[in-house]
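Structure record follows, encoded as structure tokens.
Note: hydrogens, waters and symmetry copies are ignored here, and every other heavy atom, side chains too, is used.
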Amino acid sequence: MIKAELTTSEQQFLASLKMLNENFYTRKDVVKISKELLGKIIVTYFDNRLTAARITETEAYNGIVDKASHAYNNRRTKRTEIMYASGGAAYVYLCYGIHHLFNVVTNLKDVPNAVLVRAAEPLIGIETMLYRTRKTKPDYTLTSGPGNVSKALGIYTHHTGIDLRSNHFFIAEDSYTVSNKNIITTTRIGVDYAAEDALLPYRFLIKDNKYVTKLPKLNS
DNA sequence: CCAATGATTGCCT
DNA sequence: GGCAATCATTGGC
């Protein structure tokens, strides 16, 4: 991105961030990374528009042993190939023919783990998010739900494979932290087909944050 | 080749 | 709570 095209407040915002490094993503515990991504900030600079949102809800997908994962049983197809990349790449796929779901690839090369970002809190570029989602009010639904997160931030399937340390698409941290006691853990959404793995406690939300999805399932 | 379907959303009653 | 929208991917033939 070109600094001169940004407003002063946007530049100040970016200056307060520290991009997550490769070591964050290549660690082996996808559940731990999934929790740690809560509170982190997704930044996109597409179409000369800066948007940023704080992650409030994630789900972990534990590779070849997880029946809910696209890479279960080492399934390796054109679509899932990016999951086998080294941690830190974007995996965006189309769901229900309509929704572009954004995932963060984690773990080492050839270990296909990923974290689905299910909700976020808008920070920067709310006007742009409203425009992209064709909404009129910035209520919690603007970036609540994985399809809405991508729509608001301008993320599409063609962004699959992008390194999340790119200057136009990255994840960063600021001074905000989430303590363990402020993390709600539940089962994952929409994975009933995964038999016993549907019961795994792999969904994480920031407690008391309104920018999360509804809880249609058993909460804890 | 082709039918089935999904890590969802929004609008309906 | 029910259900339609909508299509790339997947796997079976």
Side-chain angles (χ1 to χ4, degrees), chain A residues 25 30-31 33-35 37-38 42 53 55-85 87 89-107 111-122 129-161 164 171 184-205 210-219:
Chain A
Y25 300 106
V30 67
V31 170
I33 295 174
S34 190
K35 285 193 223 177
L37 278 171
L38 293 176
I42 306 171
I55 298 169
T56 57
E57 179 174 337
T58 61
E59 281 179 359
Y61 285 84
N62 190 24
I64 66 174
V65 298
D66 181 355
K67 289 181 178 170
S69 170
H70 289 166
Y72 172 62
N73 201 22
N74 222 36
R75 188 160 52 135
R76 200 159 182 154
T77 65
K78 194 171 180 183
R79 180 178 69 159
T80 63
E81 187 61 29
I82 192 61
M83 290 185 73
Y84 292 79
Y91 169 39
V92 188
Y93 74 95
L94 192 63
C95 186
Y96 293 101
I98 306 171
H99 308 292
H100 298 248
L101 304 207
F102 169 53
N103 299 252
V104 178
V105 174
T106 70
N107 213 315
V111 185
N113 291 1
V115 175
L116 171 68
V117 176
R118 289 189 49 85
E121 175 175 349
M129 296 186 195
L130 289 170
Y131 168 77
R132 285 173 176 157
T133 57
R134 294 166 219 258
K135 292 182 179 181
T136 52
K137 282 185 284 190
D139 63 7
Y140 78 95
T141 66
L142 182 60
T143 48
S144 166
N148 288 331
V149 170
S150 298
K151 203 171 180 184
L153 295 175
I155 300 169
Y156 295 92
T157 53
H158 69 260
H159 294 300
T160 274
L164 290 171
I171 299 178
I184 297 173
T185 302
T186 79
T187 54
R188 294 172 293 186
I189 303 298
V191 297
D192 293 341
Y193 60 86
E196 72 274 13
D197 288 346
L199 302 175
L200 292 170
Y202 281 1
R203 174 173 175 237
F204 308 101
L205 309 83
K210 62 179 177 175
Y211 292 93
V212 297
T213 61
K214 297 287 186 186
L215 303 173
K217 287 197 170 181
L218 186 66
N219 202 352

Between [X] ([atom1]) and [N] ([atom2]), how many Å, whole number?
X	N	atom1	atom2	answer
R134(A)	dG10(B)	CZ	P	12 Å
R132(A)	dT9(B)	CZ	C1'	19 Å
Y93(A)	dG6(B)	OH	C1'	7 Å
F204(A)	dA7(B)	CZ	P	18 Å

Check: So, the side chain of T143(A) versus the backbone of A119(A): is there a donor-acceptor pair under 3.5 Å, distance only?
Finding: no
Notebook entry, point to check: With no hydrogens and no angle check, is any side-chain donor or acceptor of E59(A) less than 3.5 Å from a backbone partner on V117(A)?
Noted result: no
Notebook entry, point to check: Does the separation of the ring centres of Y93(A) and H70(A) fall below 6.0 angstrom?
Noted result: yes
Margin query: Generate the contact string for nucleotides 4-13 of chain C. Rules: B means base contact, S means sugar-phosphate contact only, - means no protein heavy atom under 4.0 Å.
Written below: -BBBSSSS--
Margin query: Let's test this: given Watson-Crick or G-U wobble pairing with both distances under 3.5 Å, identify the partner of dA7(B).
Written below: none
Check: Just by distance, with hydrogens left out, do T160(A) and T157(A) show a side-chain donor and acceptor under 3.5 Å apart?
Finding: no
So [X], base contact, sugar-phosphate only, or nothing? Heavy-atom distance under 4.0 Å.
X	value
K67(A)	nothing
N103(A)	base
L101(A)	sugar-phosphate

Margin query: When the C1' atoms of dC3(C) and dT5(B) are compared, how many Å lie between them, rounded to an integer?
Written below: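 dT5(B) and dC3(C) have their C1' atoms separated by 16 Å.
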Margin query: Looking only at the side chain of Y193(A) (C-beta and beyond, no hydrogens), which of the listed nucleotides dT8(B), dT9(B), dA7(B) gets closest?
Written below: dA7(B)
Checklist line | Salt bridge present between K210(A) and E121(A) (N-O < 4.0 angstrom) | finding: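 Judged by the 4.0 Å cut-off on N to carboxylate O distance, K210(A) and E121(A) do not form a salt bridge.
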Check: Does R188(A) count as lying over the ring of Y61(A), i.e. NZ or CZ under 6.0 Å from the six-ring centre, within 45 degrees of the axis?
Finding: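 Geometry flag: set, cation within 6.0 Å and 45°.
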